[in-house]
2 protein chains.
Amino acid sequence: MPPFDLARPARATADVSPCGACAVRPLTVCAALDEDEIQRLAEITQSQRVAAHHTLFSEGDTAQNMYNVTSGSVKLYKLLPDGRRQITGFLFSGDFLGLSVDARYAYTAETVTATTVCRFPRRQMDSLLDEFPKLQRRLFSLASNELAAAQDQMLLLGRKTAREKIASFLLSLSERAVRRGQKSNPIQVPMSRSDIADYLGLTTETVSRTFTQLRTHAAIRLLEGGRVDICDETALMEMTESG
Amino acid sequence: MPPFDLARPARATADVSPCGACAVRPLTVCAALDEDEIQRLAEITQSQRVAAHHTLFSEGDTAQNMYNVTSGSVKLYKLLPDGRRQITGFLFSGDFLGLSVDARYAYTAETVTATTVCRFPRRQMDSLLDEFPKLQRRLFSLASNELAAAQDQMLLLGRKTAREKIASFLLSLSERAVRRGQKSNPIQVPMSRSDIADYLGLTTETVSRTFTQLRTHAAIRLLEGGRVDICDETALMEMTESG
DNA sequence: CGGCAGCCATGATGTATGTCAACGGACCCA
DNA sequence: TGGGTCCGTTGACATACATCATGGCTGCCG
């Protein structure tokens, strides 16, 4: 897999910092900061464009950067020695990644589609955290939210059936699209069946079969371009909650 | 389930605050603070004794307190409407709980054995966080660690076999005992088969069978008092990593 | 003391999901 | 144009684990 390209500086912004024009700012870690502080953050920020299916960093790498996704999508995963894979999360614009323990990443981050990220060097980020308690607080709050999401995912992985898993997955994609200000109904599902399987603890075949099953029951429609139309949200929600 | 008892104030400590004599301090959130700050924290802290199988708080409750376990053991879990349960973690002395999102607990916390906790009222804790950035930072670091543990658990739930799950579970209990300064070898396993099952995404029967299987293969011995002797740690570690 | 309840273990059987295999379509590129 | 690869789908079959059922053990309590 070839190394990703560094972005050239943004061209057509009238703002002193590219952050001024950032569409996803209210969603991200940056929402915590006022203009002066944003400026300081912008100084250590580098925007970066990454093609689909490229690795941002790997499990075990020394954690030199934190990232904010500004467009596109990213998956995070862990591997077992024999190659079995668990995807621990999908990230979209506005999402933050790069928290680490013992200065090493605990997972691999790989783009699903073409993606742009803001990159924050860890060392400089750390001093900003000392300087701006608001930023520290914001990061803490993001981590708490991620933790809650991880607990939901444990419930899903440990106790839900394949149908419930797929239904939960689709509804969660829909919810997150809304939070990003997109419409909820035909949702973009940019990841492959295999990625979905590794996220939900299933196989591609089971994912595929469950999709057709939902389609047969008229709960969803599979559109072109990897989009999914949720025809019967109520039915999906009922599937989420029990047998 | 009867309400738990409030503890009476600690009796036999010469220190101004009970925290001065706290055996688990270096393990906990308190390790971040110097003596003056500890004193401030001690002022808002209440020690509490809770019998086995009592609920500290329930999923959905407004999050009024944070806790530190000083002895005993606690389980955290989430429920599906039909009663299926996923235990998201076991806590032992030194562990912290009570992070929340939207001011509500995302899980239920219930004692496994008789337990003592330090209780911090959330409101007062929040102002201490503002006052002591070190504390804030410490809490952030704890949350990051928990997040990493949650990701490990997702890998376990989504991709490991029953044997690998049990092996990972036992080794992780052993590691944590060491971190608490206890010996690693005969480990205390205070939770029931049913709790273990709900933690690993299995049934009690499968947990039971897998234990006897490991016993038959001379990897472990089941001792009385809920203790488990790890006879062949290497074998367990190999089971953890692959088939 | 006797009976009840909870926990653990284990056997018999069922099933949701995994595995293996084949096929069609999209895309790429020589 | 043709062959290769990747992806998604579907079918036939296998299996790890769940489900159902039983019995032993312990502790509790009337």
Side-chain angles (χ1 to χ4, degrees), chain A residues 1 51-53 75 80 82-86 110 112-113 156-167 169-170 189-217 220-228 239 242-243, chain B residues 1-2 51-53 75 80 82-87 110 112-114 156-167 169 189-217 220-228 239 242-243:
Chain A
M1 197 133 292
H53 310 300
K75 64 190 176 199
L80 287 171
D82 66 359
R84 280 173 290 173
R85 184 177 67 153
Q86 180 65 40
E110 189 179 316
V112 172
T113 58
L156 177 147
L157 288 169
R159 287 299 179 222
K160 289 188 180 177
T161 67
R163 234 175 53 178
E164 292 167 340
K165 285 175 176 180
I166 295 284
F169 173 64
L170 293 175
V189 183
M191 62 291 288
S192 68
R193 293 290 181 264
S194 156
D195 282 348
I196 298 173
D198 283 347
Y199 181 56
L200 300 178
L202 299 170
T203 59
T204 58
E205 292 93 332
T206 300
V207 170
S208 201
R209 278 189 252 267
T210 308
F211 268 112
T212 64
Q213 191 190 329
L214 292 183
R215 187 160 43 85
T216 305
H217 292 24
I220 62 172
R221 281 188 311 158
L222 301 180
L223 310 178
E224 56 190 5
R227 288 172 311 139
V228 174
M239 284 180 209
S242 70
Chain B
M1 195 135 292
H53 309 300
K75 65 191 176 200
L80 287 171
D82 65 359
R84 279 174 292 174
R85 184 177 68 150
Q86 180 66 40
I87 291 181
E110 189 178 316
V112 173
T113 58
L156 178 148
L157 289 169
R159 287 301 179 220
K160 289 189 182 178
T161 66
R163 235 177 48 178
E164 293 167 340
K165 286 175 176 180
I166 296 283
F169 174 64
V189 183
M191 61 291 286
S192 69
R193 294 289 180 265
S194 155
D195 283 347
I196 297 173
D198 283 347
Y199 181 57
L200 300 177
L202 299 170
T203 59
T204 59
E205 293 93 332
T206 299
V207 171
S208 203
R209 277 188 252 268
T210 307
F211 268 113
T212 64
Q213 190 190 329
L214 292 183
R215 187 160 44 82
T216 305
H217 292 25
I220 63 172
R221 282 188 309 158
L222 301 181
L223 310 178
E224 55 191 4
R227 288 173 311 137
V228 174
M239 284 179 208
S242 68

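Every chain is numbered from 1 and lettered A, B, ... according to where its sequence line falls, protein lines coming before strand lines. This one's a predicted model, so the numbers in the text were calculated from it and none came from an experiment.
- Picking from D:dT10, D:dC20, D:dC17 the nucleotide with the shortest atom distance to the side chain of A:R209 gives D:dT10.
- Closest approach to the B:L202 side chain among C:dC8, D:dA18, C:dT17 is made by D:dA18 (side chain taken as heavy atoms from C-beta onward).
- Here B:G201 lies in heavy-atom contact (under 4.0 Å) with sugar-phosphate atoms only.
- Per the geometry, CZ belonging to B:R84 stands 18 Å off P belonging to D:dC17, to the nearest Å.
- Not one N or O on the side chain of A:R85 forms a donor-acceptor pair closer than 3.5 Å with the backbone of A:Y199.
- Each of B:T206 and A:T204 has a nearest nucleotide on DNA chain D; the 5'-most of these lies closest to A:T204.
- A straight line from CG of B:L214 to C1' of C:dA9 spans 15 Å, rounded to a whole angstrom.
- Atom CZ in A:R163 sits about 16 Å away from atom P in C:dT15, given to the nearest Å.
- For A:E205, the listed nucleotide lying nearest its side chain is D:dG11; candidates were C:dC8, D:dT19, D:dG11.
- Within 4.0 Å of B:L222, counting heavy atoms only, lie sugar-phosphate atoms of the nucleic acid but no base atom.
- With rounding to the nearest 0.5 angstrom, the CG atom of B:L200 is 10.5 Å from the CG atom of B:D195.
- For the pair A:D195 CG and D:dC6 C1', the computed distance is 13 Å after rounding to whole Å.
- Atom CD of B:Q213 sits about 11.5 Å away from atom OG of B:S208, to the nearest 0.5 Å.
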> Please walk me through it: do A:L222 and A:V228 pass side-chain contact (heavy atoms from CB on, under 4.5 Å)?
Replying inline: CA-CA 5 Å; A:L222 301 180; A:V228 174; 4.0 Å; yes
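- As rounded to whole Å, 14 Å separates atom C1' of D:dT9 from atom CD1 of A:I220.
- A donor-acceptor pair is defined here as one N or O able to donate and one able to accept, closer than 3.5 Å; such a pair exists between the side chain of B:R84 and the backbone of A:R159.
- The CZ-P distance, from B:F211 to D:dC17, rounds to 15 Å in whole Å.
- At C:dA9, none of the side-chain N or O atoms of B:T212 fall inside 4.0 Å of OP1 or OP2 (strictly under the cut-off).
- The side chain of A:T203 lies closest to C:dG18, out of C:dG18, D:dG8, D:dT10.
- A:S208 comes within 4.0 angstrom of a nucleotide base, judged by non-hydrogen atoms across all strands.
- Atom CZ of B:R193 is separated from atom P of D:dT19 by 19 Å (rounded to the nearest Å).
- To the nearest angstrom, P of D:dC17 lies 14 Å from NZ of B:K160.
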